[in-house]
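Before I ask anything, let me first share the structure, which is written out below as structure tokens.
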Amino acid sequence: MQRAARTLADGATIEGDVAVIGSGPLGVVVALELGRAGLQVVLLESGERRPSAEAQALGALVGEDPYHVPMDLAVRRQIGGTSNTWGGRCVPFDPVDFDERPWSSGFWPMPYEEIAPYLQRACDWCLCGRAIFSAHDLPELSGRTLIPGLEDGRVISSALERWSLPTNFRLMYGSELRRTACIDLVTGLTCTRIALSADASTIDHLVCRSRFGATAHVKAKVYVVATGGLEATRLLFASNDRQPQGIGNQTGHLGRWYMAHVQTRAARLCLTRASEGVIYDHERDRDGVYVRRRFTFARDWQHERGLANAAMWLVNPELADPRHGSAILSMVYLLLRSPAGARFIAEGIRRDHLRSEEEPRVGSHLRNVAGGMLPAARFGLTFGYRRYLRRGRKVPGFFVPSTSSSYLVMYHGEHLSHWESCVEPTTELDALGMPRLRTHLHFSRADIGNAKMGLENLDEYLREQRVGRVEMRDPDIDTFIRRSLHATGGYHQTGTTRMSEDPEGGVVDGNLAVHGVGDLFIASTSTFPSSSQANPTLTGIAFAVRLADQLRHRLA
Ligand SMILES: Cc1cc2nc3c(=O)[nH]c(=O)nc-3n(C[C@H](O)[C@H](O)[C@H](O)COP(=O)(O)OP(=O)(O)OC[C@H]3O[C@@H](n4cnc5c(N)ncnc54)[C@H](O)[C@@H]3O)c2cc1C
């Protein structure tokens, strides 16, 4: 069932077997996995069905961090959480992420094999098909290679990303949440503090407040914080009456090790021969799921070279630069710049597409469009239908083949974990009295060096295979890469409640239980000790499924 916090009497107590805080993808998965098994679940959601400026404002950050976007772009406070705006790209973390690597301080307290069995269920929740992430393992795709003649070796070009619908967890699972009798979804209710028992080894209750003034207490046998990466961290900081540094922060790891991704379009891939037969665009597997090929580096080779994990793929030229000469790209650019632009795409992604260091050149874009009206109109109709009008699975994007056989490369790499890359509570409070956070996202020289080395290694391999080369876009590539990291952090929030074998090394253990507090669990990508090349949500959901299984056994 679903009820709004404003219908609660002030001082109400809500009880259940499990309290799940936050109804984003991870919270929905934990709640429904347990609710389907007949456990009484209280699911608390700070937002409501629709987004509101007041709810969004609760998460605003303090101060300026050049590498971080405002939280309004990075999260959504409403049922379904940030899945109301996410892209839907589903990629699992790789076995190499779980290996011990001397150049990374992100140690996982478990091997990859521990989480791999949960990936199919995570894919099912995201509706992104079979948990198969190599074109070699899909007969319908295995007959071709990304570039004709390019075989897998130390560079792998058969790695796949999968795309969900994109699955909005509010639209997809909202009615089941409402229909399931043993789920009590309370909207508009924010957990502002986790109250520990006198000896601080268990939770006594949750303190919750609505924006309309009511206070409520929640009591359960176990508690799951699923409020998103930074909000999980913030809630632990705010719960400081028995542990002044915040719950789980005895060894100072809470808020530390904040990671995003190192992403840059710093290089071009130039093919040796004309681009016929190159697979740049999305393909569909036999289930109709959109997949896309990407370049990755072999596990052994990463160890040999001491490389951070990375993926790379071909992208369109920068929309904002009319020198691409494409009527389609210019039309999309003008559309995204127009007042209607925000309707088509998440604001963060829109800003990224419009990004340019030069003054907008609207006249040149209009000339491009005028020179190719017919193909642009044809594209507008077919893409518009496949992306926005068609029911069900939406095409994730589009790709305009280059006439010069040269393509921009997107490098999306692991951000190494750094102690100084952190978030901290401030003395500024939100409307419900919770301390706001300040972020200090830090990218080291090693992070920049890894991106450069990754692109150089791709270059070396393509030349050896005689299919192409990689050209850097700027002679001062380090500065270029660093500049491209500005305002990219915050979309993928990892590290700040890091998982570790013992309390000396982090905040939660391998089962996501906060060290020393037996009934408090964190279902969030913030528990990840390293950031991988992969977007984090699919792996986060795999951990949420695993946690739900464990809680079901515990409470049976
Ligand atoms: C534009 C954009 C594109 C993205 N694209 C991708 C992608 O393609 N692939 C990918 O893997 N990831 C992507 N992400 C990231 C992805 O959306 C997140 O990783 C994912 O939503 C995290 O899920 P979550 O359940 O942990 O948190 P969230 O989705 O953030 O949900 C947390 C929920 O908790 C609620 N909440 C917060 N605090 C409280 C509180 N104190 N009390 C009660 N409720 C609370 C919030 O209102 C929210 O509903 C994208 C993000 C953005 C912004």
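We count ligands from 1, going down the list as the structure has it; atoms in each ligand are counted the same way. The figures that follow rest on heavy atoms only: side chains count, while hydrogens, waters and symmetry mates do not.
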Would G88 count as being in polar contact with ligand 1, using the rule that some N or O on each side must be under 3.5 angstrom apart?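 There is such a contact, yes.
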Between W257 and H418, is the ring centre distance below 6.0 Å?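 Ring centres of H418 and W257 not closer than 6.0 Å.
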Mind checking whether Y258 and H68 have ring centres under 6.0 Å apart?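 Ring centres of H68 and Y258 closer than 6.0 Å.
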G87-ligand 1 polar pair, N/O distance under 3.5 Å: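 Yes, since at least one N or O of G87 sits under 3.5 Å from an N or O of ligand 1.
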Just to confirm my output: which protein heavy-atom neighbour is closest to atom 44 (N) of ligand 1, and how far is it?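 The protein heavy atom lying closest is S46 N, 3.1 Å.
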So, 4.0 Å and heavy atoms of L189: is ligand 1 close enough to count as a contact?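 True for this residue.
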For ligand 1 and T537, I'd like to know whether there is a polar contact (N/O to N/O, distance under 3.5 Å).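 Right, the criterion is met.
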Answer yes or no: does an N/O atom from R89 fall short of 3.5 Å to an N/O atom of ligand 1?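 Between R89 and ligand 1, an N or O pair is found under 3.5 Å apart.
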Is there a polar contact between ligand 1 and C191, counting only N or O atoms under 3.5 Å apart?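 In this structure, C191 places an N or O atom under 3.5 Å from an N or O of ligand 1.
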Among all protein heavy atoms, pick out the one at the shortest distance from atom 50 (C) of ligand 1; state its residue, atom name and that distance to 0.1 Å.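 Of every protein heavy atom, W86 CB, 3.8 Å lies nearest to atom 50 (C) of ligand 1.
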So which atom in E33 and which in R121 form the shortest heavy-atom distance, rounded to 0.1 Å?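 E33 and R121 have their closest heavy atoms at OE1-NH2, 3.0 Å.
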Counting non-hydrogen protein atoms only, what is the nearest one to atom 52 (C) of ligand 1? Give residue, atom name and distance.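 Residue, atom and distance for the closest contact: Y491 CD2, 3.8 Å.
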When you compare ligand 1 with T82, is there at least one nitrogen or oxygen pair between them that comes in under 3.5 angstrom?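 So ligand 1 has an N or O lying under 3.5 Å from an N or O of T82.
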Would you mind telling me if ligand 1 is within reach of the side chain of I21, the backbone, both or neither, using heavy atoms under 4.0 Å?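 Side chain only.
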Does a side-chain heavy-atom distance below 4.5 Å link L408 with N316?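 Side chain of L408 against side chain of N316, heavy atoms only: no contact under 4.5 Å found.
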For A226, is the nearest heavy atom under 4.0 Å from an atom of ligand 1?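 So A226 counts as touching ligand 1.
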Taking the ring centre of each residue, are F443 and Y67 less than 6.0 Å apart?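 Yes, ring centres under 6.0 Å apart.
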Does E45 reach ligand 1 with a nitrogen or oxygen that is under 3.5 Å from one of the ligand's nitrogen or oxygen atoms?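 Looking only at distances, the answer is yes, because the N/O contact criterion of under 3.5 Å is met.
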On a heavy-atom basis, I'd like to know which of A346, G47, P396, S83 is closest to atom 1 (C) of ligand 1.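 Result: the heavy atom closest to atom 1 (C) of ligand 1 is in A346.
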Out of A55, G81, P25, whose heavy atom sits nearest atom 24 (P) of ligand 1?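 Nearest heavy atom to atom 24 (P) of ligand 1 lies in P25.
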Criterion ring pair (Phe, Tyr, Trp, His ring centres under 6.0 Å) against F93, the qualifying member of F133, Y118, Y112, F528: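 With F93 as partner, ring pair (Phe, Tyr, Trp, His ring centres under 6.0 Å) holds for just one option, F528.
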Is there a heavy atom in G540 that sits closer than 4.0 Å to ligand 1?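 Flag not set, G540 not near ligand 1.
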The test is side-chain hydrogen bond (donor to acceptor under 3.5 Å, both in side chains); show your working for S500 and H515 and say whether it passes. CA-CA 9 Å; S500 63; H515 287 299; 2.9 Å; yes
Closer than 4.0 Å: a protein non-hydrogen atom to atom 32 (C) of ligand 1: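 Given the 4.0 Å cut-off, atom 32 (C) of ligand 1 counts as touching protein heavy atoms.
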Is there any N or O on Q78 that sits under 3.5 Å from an N or O of ligand 1?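 Among all N and O atoms of Q78, at least one is under 3.5 Å from an N or O of ligand 1.
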Would you tell me which option among P166, G24, G228 has the nearest heavy-atom contact to atom 26 (O) of ligand 1?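 Nearest heavy atom to atom 26 (O) of ligand 1 lies in G228.
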